[in-house]
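Quick notes on the structure that follows.
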Number of protein chains: 2
Amino acid sequence: MQALINRLQYYAQLRTEETTKLKSLASKLELFRKNETIVRSGDPLKNAYIIEDGWAIRYHDLQDGGRQIVNFLLPGDIFDLQVFVSETADHSVQVIADVAAHEISPRSLANLFVNSSALSLAMWWSSVQEEAILREQIVRNGRRSAKRRIIHLLLELQRRLEIAQPSRGISANRQFPISQTVLADALGLTSIHVNRILGELKRQDLISIKNRLIVLRDVRALSDMIGFDCDYLDVNQQKRPKVLAGELWSG
Amino acid sequence: MQALINRLQYYAQLRTEETTKLKSLASKLELFRKNETIVRSGDPLKNAYIIEDGWAIRYHDLQDGGRQIVNFLLPGDIFDLQVFVSETADHSVQVIADVAAHEISPRSLANLFVNSSALSLAMWWSSVQEEAILREQIVRNGRRSAKRRIIHLLLELQRRLEIAQPSRGISANRQFPISQTVLADALGLTSIHVNRILGELKRQDLISIKNRLIVLRDVRALSDMIGFDCDYLDVNQQKRPKVLAGELWSG
DNA sequence: CGATAAATTGAATAGGTTCAACCGAAGTGG
DNA sequence: CCACTTCGGTTGAACCTATTCAATTTATCG
């Protein structure tokens, strides 16, 4: 549960009381292997999961047999809160690097919401931010060159990992278990073209690839290159929630 | 407030008691003219709005001076619930067809949430669906031809209007006050190219353009053409919310 | 060790962009 | 009320980014 706590901690002050409540959610830790499909489009939704470690993708199947990845699920991410509102999944979730996740029953999650206003707010916040990430994905893939898209996505992932797993250290958070096909499916490009661009970046010594892991060698240079602005990930102090919170979440 | 009620009614059963509560939200009806900017990126968020009539777009500014439209705001849509969680706007909202909107204070909205479980759930539902619309926008703009993108977006808008304004009648809901530049900014294309594709569609008699309004002349043919599936807009009966609702929203 | 998935490279092609020019309708100000 | 500006739409030609098809290499795994 540490990853989620880190993430929430990043923008909301949680008291020990609250982190304890969060930890109590962690019943069993489920393991999913690479390529496993955790949620399949059309199937009934039964539980939510909180990722502790590993990587997954959420995608939609396309008519032509392809798929469009809508976002990446990293440690600290919750999926799917939709379980409260919809009986069936409208998308699939697949593992791309072995995942350890806490299975959370809708009931226990509901209890959490009812019992802690701070956590309710934090969760809502988290979902607002997820929406911001979705919007950014739209912006990224609209009218931007392939190179920009690729770099932008890599930087986003790097930043998200840094927030959810600060303990891992910087260098560990710059290694991504993403195949070029996955990158392509996320960015609306061909894996072939992704390959060529990555080749370019390698030659410029901005990234490297070690046993199927993409490694960022110069985050600074990459950021400068595309003018990366990670505000949408860093909900900073000035943007803290309104006083109203107490009123809204009387728990 | 009727547009919002229609929309919520579409997937949740609201009792008169609840529609009354909703109607009581409607204090003053604000008017915004075409091209007016209701929310500007970076500015403080003060209120939420519920659109009664008219069209707006939500967009992000790009470094190169352009913009990416992330979605369209139609009658019955609420913006921005972010007012609860963030002090400042991370995007802008601009009017593209004169808007009449109810200004809602965060306070009154909070009261609504606290006082009615049914409405809370309905609102949450609405926000889950908004997320689905965002995801669909990602899918639409990824690895799809310009023609498909354009048609898909038009059909989505048509369906959304039908749900929020059934009273308008079918034909009125097939006329869109969208400039080709706006279409381009939403779909990540050039207005020039949009123009050429629209020309094609006009020649095939699938759409027409009357005084700056795009008119869908054959929804069926357009749908067939791209295999349009509007499930993500029609949260149908089988997907109704879980029993759990009462537990979660004890109001 | 063979089998399967991912990465790599080349050549031809296409879908969309860019630049540039022009038109028509709707406002706007004198 | 007309002249002027502005905005949105239209068209053509050259160009370029990314795709397609096809073949080859490199890893990884049972």
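Since we're looking at a predicted model, the values are computed, not measured. Numbered from 1 within each chain, the chains take letters A, B, ... in sequence-line order.
The residue among R203(B) and K34(B) whose nearest nucleotide of DNA chain D lies closer to the 5′ end is K34(B).
Nucleotide dG15(C) holds its P atom 14 Å from the CZ atom of R148(B), rounded to whole Å. Residue R143(A) contributes atom CZ, which lies 14 Å from atom P of dA18(D) at whole-angstrom precision. Atom CG in D98(A) sits roughly 14 Å away from atom C1' in dC29(D) (whole-Å rounding). Protein atom CG of N211(B) is 12 Å distant from nucleotide atom P of dG9(D), rounded to whole Å. Atom pair L213(A):CG and dA27(D):C1' shows a separation of 13 Å (rounding to whole Å applied). K202(A) places its NZ atom 13 Å from the P atom of dT26(D), with the value rounded to the nearest Å. I197(B) has its CD1 atom 13 Å from the C1' atom of dA14(C), to the nearest Å. For Q94(A) and dA5(C), the CD to P distance is 13 Å, given to the nearest whole Å.
The aromatic rings of H60(A) and H91(A) sit tilted, their planes meeting at an angle between 30° and 60°. Below 30°, between 30° and 60°, or above 60°: for F176(A) and W55(A) the angle between ring planes is between 30° and 60°, a tilted geometry.
Residue-to-nucleotide contacts include a donor-acceptor pair under 3.5 Å from the side chain of R196(B) to the base of dG12(D).
Remark: I150(A) CD1 to I226(A) CD1 distance equals 11.0 Å, nearest 0.5 Å.
Of the residues R159(A), E156(A), R135(A), the one that meets the side-chain hydrogen bond (donor to acceptor under 3.5 Å, both in side chains) test with Y232(A) is E156(A).
Residues D218(B) and R174(B) are not paired through a salt bridge, judged by the lack of any N-O separation under 4.0 Å between the basic side chain and the carboxylate.
For R40(B) (side chain) and S92(B) (main-chain N/O), no donor-acceptor pair under 3.5 Å exists by modelled atom type.
Out of dA6(C), dG16(C), dT20(D), the shortest distance to the side chain of R212(A) is found at dA6(C). For Q180(B), whose side chain is taken as the heavy atoms from C-beta onward, the closest listed nucleotide among dT10(D), dT19(D), dG16(C) is dT10(D). Looking at the side chain of S179(A), the nearest of the listed nucleotides dT17(C), dT9(C), dA6(C) is dA6(C). The nucleotide whose nearest atom lies closest to any side-chain atom of I192(B) is, among dT28(D), dC19(C), dG16(C), dC19(C). Residue T181(B) has its side chain nearest to dG9(D) when only dG16(C), dT9(C), dG9(D) are considered. Ranking dA25(C), dT19(D), dT8(C) by closeness to the H193(A) side chain, first place goes to dT19(D).
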Original post:
How does DNA chain D read in dot-bracket, base by base from 5' to 3', with Watson-Crick or G-U pairs under 3.5 Å and | used when the partner is on another strand?
Top reply: ||||||||||||||||||||||||||||||
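In this structure, I163(A) and N6(A) have side chains that are not in contact, with every pair of non-hydrogen atoms separated by 4.5 Å or more.
An OP1 or OP2 oxygen of dT10(D) is reached within less than 4.0 angstrom by a side-chain nitrogen or oxygen of N195(B).
Nucleic acid contact for S145(A): sugar-phosphate only, since backbone atoms but no base atoms lie under 4.0 Å from a heavy atom of the residue.
Taking a 6.0 Å sphere around CG of L29(A), one finds it holds more than 12 heavy atoms contributed by other residues, nucleotides or ligands.
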